[in-house]
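This report concerns only the one structure given below.
By convention here, the first residue in the shown sequence is residue 1.
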Amino acid sequence: MSDTFLQDAKSYLYGNYRPASVVFERGEGCELIDVNGKRYLDMCAGVAVCAVGHAHPTWVRRVSEQAARVAHVSNYFYNRENILLAKELCKRSGMDRAFFCNSGAEANEALAKLALHHYFAKGDFARTRFIAFDNAFHGRTLGSLALTGTPKYREGFGSALSVTHVPYGDLNAVVAAMEKNGGGDVAAIIVETVQGEGGVLPASKEFLLGLREIATKAGSLVLVDEVQTGMGRTGSLFGFQTAGVKPDAVSLAKGLAGGFPIGGMLTTAELAGALPPGTHGSTFGGNPLACAAALAVLEILDEENIVEQVAEKGAYLANRLGELVTAFPSVCESTRGQGLLRGLVLRPGFVAREILPKLLERGLLVTAAGDRVLRFTPPLVVSLEELGRAVDCTREVLLELEIAQTRTTSAGF
Ligand SMILES: *Cc1c(COP(=O)(O)O)cnc(C)c1O
């Protein structure tokens, strides 16, 4: 059955992705089921999107109820769910205003426009430069792409923004970048509290607090990209809360609506007037269906005390992945991450992307981050038993890699 689909996929879908040869049809909790009926344990969760798992009954009910009421009205009018969601997110984040769009890249686009226009409106026309970090990922639209710190993603697309990229974790480099043109031209520093796509690299608390201090001193803003780390992923509802740092604005997307497309920007009251009517907007942004899906996620997180359990589940996964590092030292280098955003770092020479099909064959879905990191971003509702099963499955594949490696090494003698 999947063969026909796979043929049609090659004929009709644009070839900008490199999808695995599996066609999914259904999901239940932490499992996905393909068109042949085979079940897979999902440690990808649509790349940290399906926070409450697949087809959670409350989520399904809330989204269906909203679809039956009204899906879209445009921003020429208010809608109830939009207002309710803005209030909930502001209350829980300590921020003051919310803007909604449809994706992570769009949310970061909003952050960049917010920073630029904030200074423009104040008559500070020099502040047009951004400081971002090597290996950072901020999205694929031209503005977000310019902020993204992996040169191969940017190649051939120019740079829509003026950006200085510096090593992640290096405060001295940030100070030097701030002063690069004599100072006074940096609108904002943009940072992820854990670099997700870049290889699951958590920032230290000192680094994030240091950025805040440097930016404040220079009169620049701190923008935190919480597209992947937000909505409980790191053990607090937002990654900046884990670090105890106060941003000027935050971007959200991925887990926010549990699988329904949405993006969001939260700002302080000081920035509430930086983008007045006419300067930014989105036709779909903040529509009642997307907002109802996000409200359903918050309702489930509350009802099942999910965020409080993330640290414990994350520690369990980290320990179990640590066992793999100890058991297969010739294949694995280390494990790192925060909460339920975890990476198993492979030794140089191994390519994470090439190992994924072996895991898929055994019914396990994980993703690669950077070149040699296997990334685990399970639904936050995952059980310890499911995490254990994922690790056991990974162990089988690592054993296979170790045996293959021994064979090639001994063949060399
Ligand atoms: C995924 C991601 C984005 C881009 O989100 P899209 O919805 O794909 O546009 C931006 N920033 C971070 C940190 C991400 O992980």
- Less than 6.0 Å separating the ring centroids of Tyr119 and Phe125? no

- Phe207 and Phe133: aromatic ring centres closer than 6.0 Å? yes

Does [Y] offer a backbone N or O that forms a donor-acceptor pair with the side chain of [X] under 3.5 Å?
{"X": "Trp59", "Y": "His54", "result": "no"}
{"X": "Thr148", "Y": "Ser144", "result": "yes"}
{"X": "Glu106", "Y": "Thr141", "result": "no"}
{"X": "Ser236", "Y": "Gly232", "result": "no"}
{"X": "Asn75", "Y": "Ser282", "result": "yes"}
{"X": "Lys113", "Y": "Thr279", "result": "yes"}
{"X": "His165", "Y": "Leu147", "result": "yes"}
{"X": "Thr335", "Y": "Leu321", "result": "no"}
{"X": "Glu31", "Y": "Glu28", "result": "no"}
{"X": "Thr377", "Y": "Cys44", "result": "yes"}

Closest heavy-atom pair and its distance - [X], [Y]:
{"X": "Ala132", "Y": "Val163", "value": "CB-CG1, 3.8 Å"}
{"X": "Leu340", "Y": "Pro379", "value": "CD1-O, 4.3 Å"}
{"X": "Tyr153", "Y": "Phe157", "value": "O-CD1, 3.6 Å"}
{"X": "Arg97", "Y": "Cys90", "value": "N-SG, 3.5 Å"}

- Message: Working note: Tyr168 + Asn135, criterion side-chain hydrogen bond (donor to acceptor under 3.5 Å, both in side chains); need CA distance, chi angles, decisive distance, verdict.
- Response: CA-CA 8 Å; Tyr168 190 58; Asn135 296 315; over 6 Å; no

Kindly indicate whether the side chain of [X], heavy atoms from C-beta on, has any atom under 4.5 Å from the side chain of [Y].
{"X": "Arg347", "Y": "Ser330", "result": "no"}
{"X": "Ile300", "Y": "Ile306", "result": "yes"}
{"X": "Leu387", "Y": "Pro378", "result": "yes"}
{"X": "Leu223", "Y": "Ile189", "result": "no"}
{"X": "Thr164", "Y": "Lys180", "result": "yes"}
{"X": "Ser251", "Y": "Met265", "result": "no"}
{"X": "Lys246", "Y": "Phe240", "result": "no"}
{"X": "Leu201", "Y": "Arg336", "result": "yes"}

Looking at [X] and [Y], does any basic side-chain N land under 4.0 Å from a carboxylate oxygen?
{"X": "Glu361", "Y": "Lys358", "result": "no"}
{"X": "Asp392", "Y": "Arg362", "result": "no"}
{"X": "Asp248", "Y": "Arg212", "result": "yes"}
{"X": "Glu323", "Y": "Arg320", "result": "yes"}
{"X": "Asp185", "Y": "Arg127", "result": "no"}

- Describe, in one word, how the ring planes of Phe99 and His280 are oriented to each other, choosing from parallel (under 30°), tilted (30 to 60°) and perpendicular (over 60°). tilted

For [X] and [Y], test the side chains for any donor-to-acceptor distance below 3.5 angstrom and give the result as yes or no.
{"X": "Arg129", "Y": "Ser162", "value": "no"}
{"X": "Glu304", "Y": "His56", "value": "yes"}
{"X": "Glu197", "Y": "Gln228", "value": "yes"}
{"X": "Arg92", "Y": "Gln241", "value": "no"}
{"X": "Glu226", "Y": "Thr229", "value": "yes"}
{"X": "Arg154", "Y": "Thr150", "value": "no"}

Crowded around [X] [atom1]? As in, over 12 foreign heavy atoms under 6.0 Å?
{"X": "Glu385", "atom1": "CD", "answer": "yes"}
{"X": "Lys217", "atom1": "NZ", "answer": "no"}
{"X": "Phe24", "atom1": "CZ", "answer": "yes"}
{"X": "Asp371", "atom1": "CG", "answer": "no"}
{"X": "Phe120", "atom1": "CZ", "answer": "no"}
{"X": "Tyr316", "atom1": "OH", "answer": "yes"}
{"X": "Glu213", "atom1": "CD", "answer": "no"}

- Just do the side-chain hydrogen bond (donor to acceptor under 3.5 Å, both in side chains) check on Thr4 and Gln7 with the steps written out, would you? CA-CA 5 Å; Thr4 336; Gln7 265 167 25; over 6 Å; no

